[in-house]
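Read the structure below first, then the notes.
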Amino acid sequence: MSFLKRTHTCGELSIANASAVVRLNGWVHRVRDQGGVVFIDLRDRYGLTQLVFSEHNPEAAKDATSLRPEDIIAVEGEVARRDEDKRNPKLATGEIEIIVRKVELLTKGKTPPFEVSEYTQAGEDVRMKYRFIDLRRAQMQQNLITRHKLVTIAHEYFNAHNFIEVETPFLTKSTPEGARDFLVPSRLQAGHFYALPQSPQIFKQLLMVSGMDRYFQVVKCFRDEDLRADRQPEFTQFDVEMSFIDEEDVYEVIEGFIARVFKEIKGVELSLPLMRLSYEEAMNKYGKDSPDLRYELFIEDVTELAGKSGFGVFSSAVSEGGVVKGIRVKGAEPWSRKEIDALEVIVKENGAKGLAWFKVRENEIYSPIAKFFSADELKSIVAHFEAEVGDMIFFGAGPWKSTVTSLGALRTAMAKKLELTRKDDYKLLWVTDFPAFEFHEEDGRYYSMHHPFTSPRPEDVSLLDSDPGKVLARAYDLVLNGSEIGGGSIRIHRREVQAKVFDLLGISREEAEERFSFLLGGLEYGAPPHGGIALGVDRIAMLLAGADSLRDVIAFPKTASATCLLSGAPSIVDQKQLDELHLKTK
RNA sequence: GGGGCCGUAGCUCAAUUGGUUAGAGUAUCGGACUGUCGAUCCGAGGGUUGCGGGUUCGAGCCCCGUCGGCCUCGCCA
């Protein structure tokens with residue numbers, strides 16, 4: 001069966017096409033029935049075009065009155081220039097309209113559960129259940145198109161830079177370090193399981209052992225952890241690995257890529273090279289290892305000044321080896337007790353015991369703790385923060401990490417409260433010099449901060465035995481507007497260093513052999529110096545699209561409880577399937 | 001696993017202290033209208049107040065449980 005197949009899309013006709021006879025296909029977006037004349041906006045991925053049904057063709061006009069939003073139609077008609085006063089500047093095609101001669105109903109659709117419109121207010125649950133309707137909306141289509149452009153640029157860029165795309169397995173081996181694995185039961189090997197990859201880490205390193213030299217892949221990764229607005233259980237990475245390189249080569253390649261992405265998608269010229277901050281600097285100044293540099297709020301250190309004061313909370317924090325730090329906020333003096341209490345809740349949720357503050361007024365420092373300080377002490381603290389009348393200073397005191405972290409959370413909250421972030425501003429940076437290992441009190445052992453294949457800095461190798469907490473890693477994160485959008489490292493390429501790291505992590509020879517033998521074997525046969533990075537495709541797409549949730553740049557996302565409202569996954573399965581897999585459910 | 005917010009018409013929300021027949025906007029359906037563009041105007045239909053139990057003369061509202069959505073802490077090498 002044939003139909004009036006389109007000659008153009010709904011986004012491309014203009015005055016240049018005036019008086020041409022064209023055919024369009026698409027969805028009825030809106031119907032404006034004026035009685036004698038009916039206007040229909042016809043929609044497809046490319047845009048909207050106004051159709052006119054009038055006495056020029058009474059038969060078509062009669063058909064038009066029965067058309068409803070979301071019907072799928074084909075029309076044939078003449079492109080007509082609109083009179084000056086009848087143009088619609090909001091539409092790319094607003095200078096023309098189609099005088100319809102023939103109309104054909106291709107599919108009559110059910111009335112959708114919510115309007116396909118930029119104005120739709122449907123909740124996310126309804127949108128996800130009827131995702132195929134939600135994805136008809138221009139905003140969602142734009143988001144997916146932005147994502148497509150990003151992926152296309154990646155294929156082009158890495159190809160142009162001599163990278164080879166290699167696919168790695170999804171059915172692979174569970175490596176219990178790190179995130180929880182998604183497991184896949186084996187039918188042929190009773191009681192055995194595959195794991196879906198948390199990342200293709202080991203495989204890409206083995207490709208370096210194989211001499212592939214430069215590897216690239218757009219790849220799905222899976223982590224069975226709780227979700228967030230910026231975390232889905234399955235997500236996509238640009239996975240990159242290179243041989244015979246050091247950190248600088250990774251920075252250069254990735255900066256070139258990101259600059260091209262911003263130029264082609266946002267029209268933004270990034271200035272290269274990107275800024276770099278060490279982990280320690282980032283934590284001290286911003287209280288976060290992925291700081292948002294779009295606003296001027298900084299954490300200042302007043303350990304020395306405040307430690308000498310008569311305020312017990314400060315002096316004991318310092319005598320116990322901790323720190324006292326603070327943030328000055330311009331113009332915050334009028335904030336109410338209620339507003340300040342809300343901020344205190346935030347720092348407490350992030351590990352602080354409380355929130356001390358000064359209000360800088362004309363002739364006094366107004367503060368519940370002012371009485372513990374001498375006039376000189378108050379003056380020098382205020383001077384240290386360069387605080388002026390009308391400002392507030394917020395303080396945190398205690399162990400270094402929890403103090404800077406809680407003030408970092410405060411900094412983020414205040415930027416939101418004061419609306420300091422500009423949406424169209426993009427601040428990228430590298431965060432470097434991460435500690436290689438973190439000590440976990442509860443297990444009494446060290447864990448890798450990045451992963452166990454991350455190379456320590458050469459000058460720190462000797463510290464592996466004496467003071468592992470001081471060892472810095474050759475690891476780096478790429479940060480955009482307060483989000484980590486990528487992370488990687490230079491890897492260990494010598495078996496003896498790898499063995500030493502496993503020792504430190506409390507992984508025995510046998511265990512290491514059992515879990516990672518395929519990598520160790522590779523190292524044994526000789527790996528070139530190598531390293532790489534993985535970039536979070538979903539997060540980058542989200543930031544480029546200006547979306548607040550990963551769900552808005554994923555066609556078929558999962559809910560916060562990791563279900564798919566559209567398909568109903570996960571679901572129970574037949575007993576027969578379980579039997580074949582040698583499984584019994586509890 | 002913990003904390004918070006939410007669940008009422010297809011959709012988005014309202015409903016005073018627990019009190020009459022649960023309302024509005026929008027969508028849908030019918031009608032009017034020859035230049036609209038989120039058209040407008042007139043009219044109509046539309047409800048298991050997520051589900052189960054309890055308290056009460058009486059529950060959308062209070063209590064217990066449960067399911068679901070969102071945010072978040074833990075978690076995410």
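All values below come from the heavy atoms of this structure, side chains included, with hydrogens, waters and symmetry mates left out. Per chain, numbering begins at 1; letters A, B, ... match sequence-line order.
No side-chain donor-acceptor contact under 3.5 Å links A:Asp292 and A:Tyr286. Side chains of A:Thr168 and A:Gln217: a donor on one and an acceptor on the other come within 3.5 Å.
With a cut-off of 3.5 Å on both Watson-Crick or G-U wobble distances, the partner of B:C57 is given as B:G19. Taking a pair to require two hydrogen-bonding distances under 3.5 Å in either a Watson-Crick or a G-U wobble arrangement, B:C33 remains unpaired. With a 3.5 Å ceiling on both atom-pair distances, the Watson-Crick or G-U wobble partner of B:C70 is B:G4. When both pairing distances are held under 3.5 Å, B:A44 makes a Watson-Crick or G-U pair with B:U28.
Closest approach to the A:Ala229 side chain among B:G74, B:C71, B:G35 is made by B:C71 (side chain taken as heavy atoms from C-beta onward). Side chain of A:Met128, nearest nucleotide from B:G35, B:G68, B:C70: B:C70. Out of B:G69, B:C37, B:C11, the shortest distance to the side chain of A:Gln50 is found at B:C37. The side chain of A:Ala560 lies closest to B:C71 when the candidates are B:C71, B:G35, B:G38. With distances taken from any side-chain atom of A:Asp226 to the nucleotides B:G1, B:U12, B:U36, the minimum falls on B:G1.
Note on A:Arg30 versus A:Glu118: no salt bridge recorded, every NZ/NE/NH1/NH2 to OD/OE distance being 4.0 Å or above. Classification of A:Lys102 and A:Asp63 as a salt-bridged pair fails, no side-chain N sitting under 4.0 Å from a carboxylate O. With respect to the salt-bridge test (charged N to carboxylate O, under 4.0 angstrom), the residues A:Arg231 and A:Asp226 do not qualify. Note on A:Glu225 versus A:Arg180: salt bridge recorded, some NZ/NE/NH1/NH2 to OD/OE distance being below 4.0 Å. A salt bridge links A:Asp83 to A:Lys86: at least one charged side-chain nitrogen sits closer than 4.0 Å to a carboxylate oxygen.
Taking atom P in both B:G52 and B:C61, the straight-line distance is 13 Å, to the nearest Å. Going from the P atom of B:U66 to that of B:G58 covers 26 Å, rounded to whole Å. Comparing the C1' positions of B:U12 and B:C67 gives an interatomic distance of 23 Å, to the nearest angstrom. Going from the P atom of B:U28 to that of B:C11 covers 14 Å, rounded to whole Å. Going from the P atom of B:C64 to that of B:C6 covers 16 Å, rounded to whole Å. Nucleotides B:G38 and B:U20, compared at atom P, are 41 Å apart to the nearest Å. With both ends at atom C1', the span from B:G23 to B:G47 equals 12 Å, rounded to whole Å. Nucleotides B:G45 and B:A22 place their P atoms 14 Å apart, quoted to the nearest Å.
In this structure, CG of A:Asn350 is placed 15 Å from C1' of B:G4, rounded to the nearest angstrom. Residue A:His29 contributes atom NE2, which lies 10 Å from atom P of B:G38 at whole-angstrom precision. Note: CG (A:Asp181) to P (B:C75) measures 18 Å, nearest angstrom. Rounded to whole angstrom, the span from the CD atom of A:Gln198 across to the P atom of B:C75 amounts to 16 Å. One can place CZ of A:Arg137 at 17 Å from P of B:G38, the figure rounded to the nearest angstrom. One interatomic measurement links the two molecules: CG of A:Asp33 to C1' of B:C41, which rounds to 13 Å at whole-angstrom precision.
Within 6.0 Å of atom NZ in A:Lys416, 12 or fewer heavy atoms from other residues, nucleotides or ligands are found, so the atom counts as exposed in its surroundings. Atom CZ of A:Arg81 sits in a sparse spot, with 12 or fewer heavy atoms from other residues, nucleotides or ligands closer than 6.0 Å.
For B:G69, the OP1/OP2 oxygens have a side-chain nitrogen or oxygen of A:Ser561 closer than 4.0 Å. Phosphate contact (OP1/OP2 of B:U36, side-chain N/O of A:Arg32, threshold under 4.0 Å): absent. For A:Arg228 and B:C73, the shortest distance from a side-chain N or O to OP1 or OP2 is below 4.0 Å.
In this structure, A:Phe434 and A:Tyr279 have tilted ring planes: the angle between them lies in the 30° to 60° band.
Remark: A:Lys353 pairs with no residue by the side chain to side chain contact (heavy atoms under 4.5 Å, CB included) rule, at least two apart or across chains.
If you take CG on A:Leu67 and CD1 on A:Ile73, they are separated by 5.5 Å, rounding to the nearest 0.5 Å. With values rounded to the nearest 0.5 angstrom, A:Leu418 atom CG is found 5.0 Å from A:Leu420 atom CG. Remark: A:Ser174 OG to A:Leu196 CG distance equals 10.5 Å, nearest 0.5 Å.
Mapping A:Arg551 and A:Glu438 onto RNA chain B via the closest heavy atom, the residue that lands nearer the 5' end is A:Arg551.
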Enumerate donor-acceptor pairs with a distance under 3.5 Å from any side-chain N or O in residues 122-135 of chain A to protein atoms, sequence neighbours excluded.
residue	atom	partner	partner atom	Å
A:Glu124	OE1	A:Arg551	NE	3.3
A:Glu124	OE1	A:Arg551	NH2	2.9
A:Glu124	OE2	A:Arg551	NE	2.7
A:Arg127	NE	A:Asp134	OD1	3.0
A:Arg127	NE	A:Asp134	OD2	3.0
A:Arg127	NH2	A:Asp134	OD2	3.2
A:Arg127	NH2	A:Asp552	OD1	3.2
A:Arg131	NE	A:Ala555	O	2.7
A:Arg131	NH1	A:Asp134	OD2	2.9
A:Arg131	NH2	A:Arg551	O	2.6
A:Arg131	NH2	A:Ile554	O	2.8
A:Asp134	OD1	A:Arg137	NH1	2.7

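The aromatic ring of A:Phe39 does not sit over the base of B:G35; the criterion of centres under 5.5 Å apart with planes under 30° is not met.
Interface residues of residues 502-522 of chain A facing RNA chain B, ordered by number: none; criterion, heavy-atom separation under 4.0 Å. Residues of residues 85-98 of chain A that place a heavy atom closer than 4.0 Å to RNA chain B, in numerical order, are A:Lys86, A:Arg87, A:Asn88, A:Lys90, A:Glu97.
Exactly one of A:His29, A:Arg43, A:Lys108 qualifies for a side chain to side chain donor-acceptor pair (under 3.5 Å) with A:Glu70. That residue is A:Arg43.
Using a 4.5 Å cut-off on side-chain heavy atoms (C-beta onward), A:Phe222 and A:Pro233 make no contact.
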Heteroatom pairs (N/O) under 3.5 angstrom, protein to nucleotides 43-45 of chain B:
none

ask   = What one-letter contact string describes nucleotides 24-30 of chain B from 5' to 3', where B marks a base within less than 4.0 Å of any protein heavy atom, S marks contact via sugar-phosphate atoms alone, and - marks no contact?
value = --SSSSS
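A:Glu124 comes within 4.0 angstrom of sugar-phosphate atoms only, judged by non-hydrogen atoms across all strands, and of no base.
Below the 3.5 angstrom threshold, one finds a donor paired with an acceptor across the side chain of A:Arg231 and the base of B:C76. Residue side chain A:Arg30 does not reach the base of B:U36 through any donor-acceptor N/O pair under 3.5 Å, judged by distance alone. For A:Glu349 and B:U72, a side-chain-to-base donor-acceptor distance below 3.5 Å is absent, hydrogens and geometry of angles not being considered.
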